[in-house]
Amino acid sequence: MTAEVFYDDNADLSIIQGKKVAVLGYGSQGHAHALSLRDSGVDVVIGLPEGSKSREKAQEQGLRVETPAAASAEADVIMVLAPDTAQRKLYAEAIEPNLTAGKALFFGHGFNIRYGFITPPANVDVAMVAPKGPGHLVRRQYVDGKGVPVLVAVDQDATGNALALALSYAKGIGGLRAGGIKTTFKEETETDLFGEQAVLCGGASALVQTGFEVLTEAGYAPEIAYFECLHELKLIVDLMYEGGIARMRYSVSDTAEYGDYSRGPRVVDARVKEEMKRILAEVQSGEFAREWIAEDDNGRPNFTKWRQEGAAHPIEETGRKLRGMMSWVDRPITETA
Ligand SMILES: NC(=O)C1=CN([C@@H]2O[C@H](COP(=O)(O)OP(=O)(O)OC[C@H]3O[C@@H](n4cnc5c(N)ncnc54)[C@H](OP(=O)(O)O)[C@@H]3O)[C@@H](O)[C@H]2O)C=CC1
Ligand SMILES: CC[C@](O)(C(C)=O)C(=O)O
Ligand SMILES: [Mg+2]
Ligand SMILES: [Mg+2]
């Protein structure tokens, strides 16, 4: 089935410009949506709890900050960009009491709707504008006149205008410069979780770390292992991004291309594919979602341990030293990117 794709010409920015938007959360996605909407001429208010670390940052960047309840009360469109694990409580305490008929409840990821942690009333629009990229790059691309593609979905269309409103919002954050694909909460949630676990974050990090370990354990210099397994990955992925895997294979040597065909499938073999299918099944059944919410409710013991172990991996120290010598790595991720 071919997806429906929307670009800037398919959306009317004046719709979102005529609404008051509350952005709840001011982290990776929250700051990007809020600043870009503001720069697109939209009336934006930020919702953050008293004592939130993000309050000062939002105010420094010229945005008005209220509590999540007050921001939700005054807004026509409430965009939920707090962590997925915090959204259930945030909804019950601050949003639901202020979610009057005809308002719109927006998400940047479908997790809480897909797995039933949040059930909005039938008289509001429920939609999603989910960028397919990290929030800091969503903002950076907007500032550079470009855009990160977005997925757009409508779960409830109480007003009859939910899709037009979501597309207008997507245009306001620059997403329709690259393209907005129409999808469902189910499809976005399941593909996003699978992608970040098996390929983009989990798969790629494990591949890089394991390649680095194999080379250094065999006695090769960590600096060479870092360049080979991490730094050069970006250059290879840039070629895939520009022209697909075929474009990358055109640019590398025939020796590399032969090694790619003959050795790649030995690394990502049938066992790995079976494991990927198990990971997808855990996403589809809700097993992963229940596990993650329980981990968070329990104070995140595994998450904290794994984060510490990852930060202590020898590749990080090697990378820190080498990146310090690269004058062109001059755009670290910042909230104003
Ligand atoms: N990170 C990304 O690039 C992407 C994220 N998404 C989705 O976007 C959403 C937001 O994720 P992300 O940007 O990573 O989140 P972050 O962890 O970067 O930021 C969370 C923000 O929410 C604030 N916050 C925490 N608790 C509450 C609360 N109870 N009420 C209001 N604000 C709160 C935090 O404040 P404080 O500073 O005080 O902690 C912080 O400002 C999620 O649904 C995620 O799946 C989708 C696509 C990509
Ligand atoms: C790949 C991770 C992501 O899904 C994203 C940046 O799109 C996320 O949840 O942060
Ligand atoms: Mg994603
Ligand atoms: Mg995600």
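Atoms considered below: every heavy atom in the structure, side chains included; atoms not considered: hydrogens, waters and symmetry mates. We count ligands from 1, going down the list as the structure has it; atoms in each ligand are counted the same way.
Counting only non-hydrogen atoms, the option in G25, G30, A94 that gets closest to atom 22 (O) of ligand 1 is G25. Within the set P83, G27, G47, the minimum heavy-atom distance to atom 17 (O) of ligand 1 is found for P83. Here atom 44 (C) of ligand 1 lies nearest to D84 when heavy atoms of I95, N112, D84 are compared.
Short contacts between ligand 2 and C201, defined as distances under 4.0 Å to a heavy atom of the residue, involve ligand atoms 1 (C), 2 (C).
Of the heavy atoms in S28, none comes closer than 4.0 Å to ligand 2.
Within a 6.0 Å radius of CD1 in I224, no more than 12 heavy atoms belonging to other residues, nucleotides or ligands are found.
In this structure, A130 has no heavy atom closer than 4.0 Å to ligand 1. Ligand 1 has at least one atom lying under 4.0 Å from a heavy atom of Q87. Between G51 and ligand 1 there is no heavy-atom distance shorter than 4.0 Å.
The protein atom (non-hydrogen) at minimum distance from atom 8 (C) of ligand 2 is E196 OE1, 3.5 Å. In terms of protein heavy atoms, atom 10 (C) of ligand 1 is closest to L81 O, 3.3 Å.
Distances from atom 10 (O) of ligand 2 to the protein include no heavy-atom value under 4.0 Å.
Closest approach between the Mg ion (ligand 4) and any N/O/S atom of D192 involves OD2. The closest approach of E196 to the Mg ion (ligand 4), by N/O/S atoms, is made by OE1.
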